Amino acid sequence: MSSTVAGRRTSLSGELLRWSCLLYLGIVLVFPLGGVVVKAVSAGPSKIWAEVTNPFAWHAIMLSLGTAVVMVLISVFTGTATAWVLARYEFPGKGLVNALVDLPFAVPTIVTGLMLVALFGPTSTLGVVLSGFGTPVIYEQSGIVLALLFVCFPFVVRSVQPVLENLDPAEEEAAATMGASRWMIFRRVTLPALFPSIVSGAGLSFSRALGEFGSVVMVAGNRPMSTKTAPLYVYGEVEGFNMEGALAVSLVLLTCSLLSMIAASKWAERQG
Amino acid sequence: MKPSPALQNTMTWPQRFLIAAVLSWFGLLIFGPAVALARRAFAPGMGAFFEALTDPDAIQALLLTAKITLVVTISNTIFGIGMAVVLVRQRFWGRRIVDGLLDLPFAVSPVIAGLMLIILYGPKSEIGSRLESIGFPIVYHLPGMILAGMFVTLPLVVRSVAPILEEIGSDQEDVASTLGADWWTTFRRITLPTIRWGVAYGAALVVARSLGEFGALLVVSGNIIGRTQTATLYVHDQIESFQPHGAYVMSIVLATVSFCILVGLETVQNRVRQREYGAETNEDDQGAVRQMRRH
């Protein structure tokens, strides 16, 4: 296929369209990305490294990675269970649940944060009860996990659900006729078929969780060395005009989230 | 939706337990917080609700959000259609790189998006200071906020239009141009009618995403009340200044609009499936839909 499909006459307008699109892409995305790279190179690797290993920055990065991992571990179970229940069973309220699964993608993140504070925060009944048990959630690290669970809820569900719905029942039935128990069928037949979609959902969740800002701002309390995640740290450094510090942590975050996204999709591709 | 008696009979206790567990988790994590927010917003009564809603700062913020959303949606929709046509119909050096770069905003934290824009277009940068000296400041002003909106919503229209373009192929377009139609006529009469639901879907996603954008806007806006404050920044500001009711009311407005867009998207999605591809959904379509749903 040559440079355009429709032949000579459209080729000039085709070129024009391509270059205007690329220019737009450049102004909005590529040039800012290039600017970051130039800035990082001019600051020098030792300066960047020093900023990353500064205890406050390091703690923020580790907190982001840690909360994201905990969220993914929980989300993999709840997401698969939700997809399973939605795909296999009929129950009252199923339509509503199915429609509301995507709600976290639609609701602005800052509103998400506010919602969680409204239900679990210190001024709510539930929040008071939780504090009474000595396990307050909001303004603690567990609150960050809660916010990430909300924000990333649809990823695993929506990646597993279609696979479950399109699964050929013949294999499960064959296993059942051979006398396998329900649990055995799930573990040996169904789960291996679902596994790639679970991993891809987990990868997307992890990548999204690393960068989450709006909801975490509301629930985290923003205490350095305690509840300040990497995106919050970046924001703080920008406000304090420490661009190198912000840049250094951004580079780490960006690398981790790109890698997890690519790894999950490559892995799912290889399995699928 | 009531389960049939036959189904209920076949359900074992572990299955019922699983359903109950999923429903409780869903209720606690998703449904409960939404209801709690609504209760807080309406608790002081409808009078107070409308008073908070018609607060001049709140109205200013909503207008600014509307303005940014409008510009971002129009410009990213035009770009998205063009970029999708270029990616699917043209072969050129670097095409795969462009294709990969387009997904980058999905992986970038909104705060980092804002930081990128400040580094390149901020008042201390080469480009930013030049533009400011000719009276066109970007960061901490409206153009910077529009740019931030464009950045975070960049892939949405491309990713909802490109799969459809690939699906339909270029046969009809080729026929039209063989019959003597110029490229604009071909596009307007052949291509656009086929991709229109994809465009609508992508554009709706852009609207929802730019209405709710917060992190990138927080970084690039000076956050001065009335001037560069959007609806989401207003929510943040009200909380910071211990006026939670204003934040709850504005949040309910934002959440309701987003929810309506979500419901509208489901409708569009069903139409795309039924009208364009026939009743049967194919793998690519589902992949595209899943891709769209990511953000």
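Because the structure is a prediction, the values reported are computed rather than measured.
The closest side-chain heavy-atom distance from A:Val85 to A:Phe91 is below 4.5 Å. When side chains are defined from C-beta on, B:Thr153 does not count as touching B:Glu213, because their heavy atoms never get closer than 4.5 Å. Side-chain contact check for A:Phe120 versus B:Pro33: some heavy-atom pair is nearer than 4.5 Å. By the 4.5 Å heavy-atom criterion applied to side chains, B:Arg89 and B:Ser170 are counted as neighbours. A heavy-atom distance below 4.5 Å is found between the side chains of A:Arg182 and B:Thr12. The shortest side-chain heavy-atom distance between A:Met261 and A:Phe206 does not fall under the 4.5 Å cut-off.
Side chain to side chain, B:Arg40 and A:Thr123 meet the donor-acceptor criterion of an N or O pair below 3.5 Å. Side chains of A:Tyr233 and A:Ser64: no donor on one and acceptor on the other come within 3.5 Å.
In plain terms, the two heavy atoms of A:Ser200 and A:Ser159 that are nearest each other are OG-OG, 3.8 Å. The shortest non-hydrogen separation linking A:Pro104 to A:Val151 is CB-O, 4.0 Å. For the pair A:Gly203 and A:Ser260, the tightest heavy-atom approach, listed with the atom from each and the gap, is O-OG, 3.9 Å.
Considering only heavy-atom pairs separated by less than 4.5 Å from chain A, the leading option among B:Ile261, B:Val219, B:Leu87, B:Leu154 is B:Leu154. Among the candidates A:Gly34, A:Gly35, A:Ala118, the residue making the largest number of heavy-atom pairs closer than 4.5 Å to chain B is A:Ala118. When the candidates A:Leu114, A:Val234, A:Thr109 are compared by the number of heavy-atom contacts under 4.5 Å with chain B, A:Leu114 comes out ahead. The greatest number of non-hydrogen atom pairs below 4.5 Å with chain B, out of A:Leu103, A:Val107, A:Val97, is found for A:Val97. Between chain A and the residues B:Pro14, B:Ala176, B:Ser75, the largest count of heavy-atom pairs under 4.5 Å involves B:Ser75.
Of the atoms belonging to B:Leu18, heavy atoms from both backbone and side chain fall under 4.5 Å from chain A. With a 4.5 angstrom heavy-atom cutoff, B:Ile119 touches chain A only via side-chain atoms. Interface remark: B:Thr186 contributes no atoms to any contact with chain A (heavy atom separation under 4.5 Å). For B:Val263, no part sits under 4.5 Å from any heavy atom of chain A, backbone or side chain. With a 4.5 Å cut-off on non-hydrogen atoms, B:Leu28 touches chain A through its backbone and its side chain both. Contacts between A:Leu253 and chain B at a heavy-atom distance below 4.5 Å involve the side chain alone, from C-beta outward. For chain A, the nearby parts of B:Tyr248 are the backbone and the side chain; heavy atoms of each come within less than 4.5 Å. With a 4.5 angstrom heavy-atom cutoff, B:Leu104 touches chain A only via side-chain atoms. When heavy atoms are compared at a cutoff of 4.5 Å, A:Val238 approaches chain B solely by way of its side chain, counted from C-beta outward. With a 4.5 Å cut-off on non-hydrogen atoms, A:Ala99 touches chain B through its backbone but not through its side chain. For a residue to count as touching a neighbouring chain, one of its non-hydrogen atoms must lie under 4.5 Å from one of that chain's; by this rule A:Val249 does not touch chain B. Heavy atoms of B:Leu265 lying under 4.5 Å from chain A are absent altogether. In this structure, chain B has heavy atoms under 4.5 Å from both the backbone and the side chain of A:Leu146. For A:Ile74, the part sitting under 4.5 Å from any heavy atom of chain B is the side chain, from C-beta outward, and nothing else. Both the backbone and the side chain of A:Leu247 come within contact range of chain B, with heavy atoms under 4.5 Å apart. Within the 4.5 angstrom heavy-atom criterion, only side-chain atoms of B:Leu120, from C-beta onward, approach chain A. There is no contact between A:Thr112 and chain B, counting heavy-atom distances below 4.5 Å. Heavy-atom distances place the side chain of A:Val217, and not its backbone, under 4.5 Å from chain B. Both the backbone and the side chain of A:Pro231 come within less than 4.5 Å of a heavy atom in chain B. Only the side chain of B:Phe26 comes within contact range of chain A, with heavy atoms under 4.5 Å apart. Looking at B:Leu101, the atoms closer than 4.5 Å to chain A (heavy atoms on both sides) sit in the backbone and in the side chain alike. Looking at A:Ser124, the atoms closer than 4.5 Å to chain B (heavy atoms on both sides) sit in the backbone and in the side chain alike. With a 4.5 angstrom heavy-atom cutoff, A:Ile27 touches chain B via backbone and side-chain atoms both.
The aromatic rings of A:Phe213 and A:Tyr235 lie perpendicular to each other, with more than 60° between the two planes, well past the 30° mark. Taking the six-membered ring where tryptophan is involved, the planes of A:Phe105 and A:Phe155 are perpendicular, since the angle between them exceeds 60° and thus also 30°.
One finds the OG1 atom of A:Thr78 at 6.0 Å from the CZ atom of A:Phe153 (value rounded to the nearest 0.5 Å). Taking CE from A:Met243 and CD from A:Glu237, the interatomic distance works out to 10.0 Å, rounded to the nearest 0.5 Å.
With hydrogens and angles disregarded, a donor-acceptor distance shorter than 3.5 Å links the side chain of A:Asn166 to the backbone of A:Pro162.
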